[in-house]
Structures are given as structure tokens and as C-alpha cells.
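A, B, ... follow the sequence lines: proteins, then strands. Residue 1 opens every chain.
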2 protein chains.
Amino acid sequence: MLDGKRDALVTREKLVVAAVSLILRHGYHATGVEAICAEAGVTKGAFFHHFQNKDELGLAVIQWWSAMGTSFYSKAWADETADPLDQLDATLDIMEGFASRPDEPCICCIGMMAQELATTHPEIRASCGREFEVWTRNIAALLQKAKERRKPLREFDPEQVAWFLHSIWQGSMLLAKTRGEQTLILNNLKQARAYVHSFFRAKPSAPHRGTKAQRR
Amino acid sequence: MLDGKRDALVTREKLVVAAVSLILRHGYHATGVEAICAEAGVTKGAFFHHFQNKDELGLAVIQWWSAMGTSFYSKAWADETADPLDQLDATLDIMEGFASRPDEPCICCIGMMAQELATTHPEIRASCGREFEVWTRNIAALLQKAKERRKPLREFDPEQVAWFLHSIWQGSMLLAKTRGEQTLILNNLKQARAYVHSFFRAKPSAPHRGTKAQRR
DNA sequence: TCAAGCATACCAACCGGTATGGATGTTTGT
DNA sequence: ACAAACATCCATACCGGTTGGTATGCTTGA
């Protein structure tokens, strides 16, 4: 029975989700195993049945967050035939939407774990690096396609620009944490969008709809 | 006697410096009070004589790092009569130099603490925010001056651009932590420099010396 | 002489992790 | 078909080590 009282996969998922929620709020070290179990509604017996130790859960958390992120951007990335510049705009729209959710902080679980654990936990550092590359490669691919279709106004390296955009994104979330509001992120995204557009001739068709996805 | 065996200010400074060093390597929570004392060559008696608790030391660490940072940029910011755009370039040169130190990671203590403690420690969050603003205000002031002296090619808000640059800086250091090398930071700084220059007409005088401060 | 500065010893709380046994679903023997 | 046997799943209880923090008293400089 899939929805029976006892399902290992469900329990495991509950633990990972609980860990994500707590790590986002308190960070990795400040989140105890018992606190995760309490949030998930299980006990330590279940925890150490699914994970050898806390760090192994950390790796699962990173993968879970990355998978969630990829599905989060799927609307912008899925259509292979779409205009790549439109896809980049759609990506930025999604990011704006993520930063515009009321009463929800705009933070990245992987960014937090990378900051806290990169120097001490080599495996977690490597995992964070891999998942960072997933996002960046997707952006770089769109930039590459855009570069091929429309001749850019000036030369640029898609990969480097993608890392540049990712840095803006992570840095924005970091700086915004110290302030009450998230307009900083939205302002940065606007500049990032303009930066991307600056490589290409303005499109005559789309009248640049500006900021979308504000306040549901 | 200032250089006597016993000097409260020196001891306090040793504790703060030791804490900075350890926090940069292991993060805040993973850095124990006893470890800090060992690194500083004192005991817990000294620690809790100077700081009521660990968080109070955290605040001192933030202020220490901010002060060090400001003096770090003093060469670029001190001269009131200099050309503001040159000052911005000098600032980016210093940042490139910071990212080019061999075998030294390019990381920010305040960025790390903000990421780890912003949601749980309101006072530390506020302190990080204040020190972030110090850097940003300096950059914004230079951009403002540059905007006044030479008419920019297009309109921009100095404060928003300054936060944008700060985000790039913090995000670059964060992403670079997950990789072995720091060329990512240098590439981002190049794009940031080009972005700043894109607001102004190219200067005929300075032939744009490119990347400086590589490998001593 | 006296307070500031600091070392020593100590503590309750909490941490990640383990040992053990019971509950549950699945497979197997007949 | 049905129970026995089994492996998976998870709860309970427990543990050694570490944590931030304290109580106390010696030492040093003024």
C-alpha cells in the first residue's frame, strides 16, 4: 500500500522536507537531528535508519532543493523551440516571482549550506558546486542559443555571463537577508535583465512587459 | 606598559582576531569558544571577562572585519579630489587583488555570518546590515560624484548600482567557495567593471590598464 | 592596597550517534 | 490459502563527548 501508515519513501521525504525548512530558518549547524525528527513527526530511529549520519541528510537536502529548483524553472526552460531570449526573460520573471512572495523570504538552501560548510565538508562543498553548475549551465545554454540566433551587439562568453548572473542572484539573496525587505533583489534583477538585453538588439515585437508576477 | 605581559586591549584584540580566523574557516556555530581561546593563547576566563557571551564577540568580529575592510579600501577612497571613476576602478583593482592572493581564499566574514545568523540573531543581522551599508554607501557616493562630473550615457541610480555591485561581490565569493579556483571572481569583476564603465563615455586619457594585481 | 585582568575547575544542557526491541509488510513453504 | 519466517521500518532508551557559561580565587599593574 502506497498510502499506508508506513512507507519508507514517504518518511524519508518528510525528513528531508523538514530539514530543508529548518535549515532555511536556522542554518545547518543550528538545526539538530532531533529538531528535524520532531518537525517531520518521527523519531531518531527513523532518521538513522534512512541516513547514516547528519551529513548524509545534508547531501539529500541539497539534491532535493536542486530538483525543486529545476522543476521551478521548468516553465521557462522546457520549450526547446522557444526564443532563447524570451526564455531568459521568463527565467528572470520566475526569479522575480520568487522574490515577490509576501511574507516568504527569498533564500537558497544550497547557498546557505555552501557558505556554512564549504571549507569543512568537502563532500557537501562538491555537491553544492555541482548543483550550482546545473543552474548555470541551463542559463549558459540559453545565452549560447541566443548568441547563435541573433548576432549579438558585442562579444560575450555565455558561461561567464551565466556565472555572473548566478552571482548576482546569490549575492542579492544574501544581502537581502540583512534587510527587512526584498526590493534590493528586485532592483538587482532589473539590472541583470538590462545587462542580458544589452548584448542584443532590442526586439521590435515584444514591448518589454517590465516586471511581472507581483503580489498575487 | 603597552607591551607588557598583561594588556586588556591586546587580549581582546587577540580574541577577536582568533575568532575571525576560525570563523572564516569553520563558520560561526562550528567555532567553539574554547577553540577561539586556544587560538588566541588565553583561557575562557579571559574570554568571558571581555565578552558577556559568544554573540557579543560575534558583534565585535563584525565591527573588526568592517574596520579592516574600510582601511583595506582606503587607498581607493581617501583622495577627495581624485576622479571618481578612477576611484571606482581602483576599488575594483583592490578587489581583484584580494581575489588574486595565492593560497588565500577570497571570502567575507560578514557575508558568512549574515548567511548563517541573519534569521536567528536579530542583533547580528542588524550589525551585518549596517556594515554592508558602509561599503555600499562609499561606492554609491563615488557613482554619484561620477554622475555629476561627467554626464552619464544613460540614467542610473547610484545607490541601486552600488547594491548591485555589492551583490556581485558577495555572490562571487559565495559561488567560488564551491570551486577550487577563484577565476570566477575575477571574471565577474571584469564584467562588473565593464558594467560601471558602460554608464559613461570612454575616457581618452587612461588606456584602461586591464587586470592588475595578478600573481605577486 | 585594591580593582582589573585572567587562570582553573566545574557544570547543566545538548549534541550526534548507538543498542535494542517491537511493529509491519513481504516472501516462502506447504 | 495460510501461517511461518524474514527483512524492512521505526520507536524507546541510552551514552560519551562537547557546548556555552559560571564560580572562585590567584596575579598583575597602578
Side-chain angles (χ1 to χ4, degrees), chain A residues 1-23 25-62 112-113 116-117 120-124, chain B residues 1-23 25-62 112-113 116-117 120-124:
Chain A
M1 291 300 126
L2 278 179
D3 55 349
K5 278 194 67 206
R6 192 175 246 198
D7 186 334
L9 290 178
V10 168
T11 304
R12 194 191 137 99
E13 175 87 0
K14 278 199 288 187
L15 281 167
V16 173
V17 170
V20 168
S21 170
L22 290 175
I23 291 174
R25 269 180 280 170
H26 308 137
Y28 183 78
H29 280 118
T31 299
V33 171
E34 276 177 313
I36 296 170
C37 295
E39 178 88 5
V42 298
T43 62
K44 285 215 275 192
F47 185 99
F48 286 101
H49 174 74
H50 287 282
F51 307 100
Q52 284 189 22
N53 48 41
K54 191 186 172 186
D55 290 350
E56 197 173 292
L57 167 83
L59 293 172
V61 162
I62 293 167
M112 289 180 64
M113 292 184 66
E116 193 173 347
L117 308 168
T120 51
H121 295 59
E123 292 195 1
I124 288 184
Chain B
M1 291 298 125
L2 278 179
D3 55 349
K5 278 195 65 210
R6 195 173 246 200
D7 186 333
L9 291 177
V10 168
T11 304
R12 195 192 136 99
E13 175 86 359
K14 278 199 288 188
L15 280 167
V16 173
V17 170
V20 168
S21 169
L22 290 175
I23 291 173
R25 267 179 282 170
H26 308 137
Y28 183 79
H29 279 120
T31 298
V33 171
E34 277 177 312
I36 295 170
C37 294
E39 177 90 3
V42 297
T43 62
K44 285 214 275 190
F47 185 98
F48 286 101
H49 174 74
H50 287 283
F51 306 100
Q52 285 189 21
N53 48 43
K54 191 185 173 186
D55 290 351
E56 198 174 291
L57 168 82
L59 293 172
V61 163
I62 292 167
M112 290 181 64
M113 292 183 66
E116 192 173 347
L117 308 168
T120 51
H121 295 60
E123 291 195 2
I124 288 184

[X] has an atom [atom1]; how far is it from atom [atom2] of [N], in whole Å?
X       : N      : atom1 : atom2 : answer
A/Leu9  : D/dC10 : CG    : C1'   : 15 Å
B/Asp7  : D/dA30 : CG    : P     : 9 Å
B/Arg12 : C/dC6  : CZ    : P     : 12 Å
B/Lys54 : C/dC14 : NZ    : C1'   : 14 Å
A/His29 : D/dT18 : NE2   : P     : 14 Å
A/Leu57 : C/dG17 : CG    : C1'   : 14 Å
A/Lys14 : D/dC9  : NZ    : P     : 14 Å
A/Glu34 : D/dA11 : CD    : C1'   : 13 Å

How long is the span from the [atom1] atom in [X] to the [atom2] atom in [Y], to the nearest 0.5 Å?
X        : Y       : atom1 : atom2 : result
B/Glu123 : B/Leu59 : CD    : CG    : 6.0 Å
A/Leu57  : A/Leu15 : CG    : CG    : 7.0 Å
A/Ile36  : A/Phe51 : CD1   : CZ    : 9.0 Å

Give me the residues of residues 37-49 of chain B where at least one heavy atom lies under 4.0 Å from an atom of DNA chain D, by number, or none. B/Lys44, B/Phe48
Could you pull out all residues at least two apart from B/Phe48 that satisfy ring pair (Phe, Tyr, Trp, His ring centres under 6.0 Å)? none
Output the single nucleotide from D/dC10, D/dG20, C/dG17 whose closest atom is nearest the side chain of A/Asn53. C/dG17
Please check the phosphate of D/dC9 (OP1 and OP2 only) for any side-chain N or O of A/His50 closer than 4.0 Å. no
Is the shortest side-chain N/O distance from B/Thr11 to OP1 or OP2 of C/dG5 below 4.0 Å? no
Tell me whether A/Lys54 forms a cation-pi arrangement with A/Tyr28, defined as NZ or CZ under 6.0 Å from the six-membered ring centre and within 45 degrees of its axis. yes
For A/His49, side-chain contact (heavy atoms from CB on, under 4.5 Å) partners two or more places apart: none
Has B/Glu116 got a side-chain atom pairing as donor or acceptor with B/His29's backbone, closer than 3.5 angstrom? yes
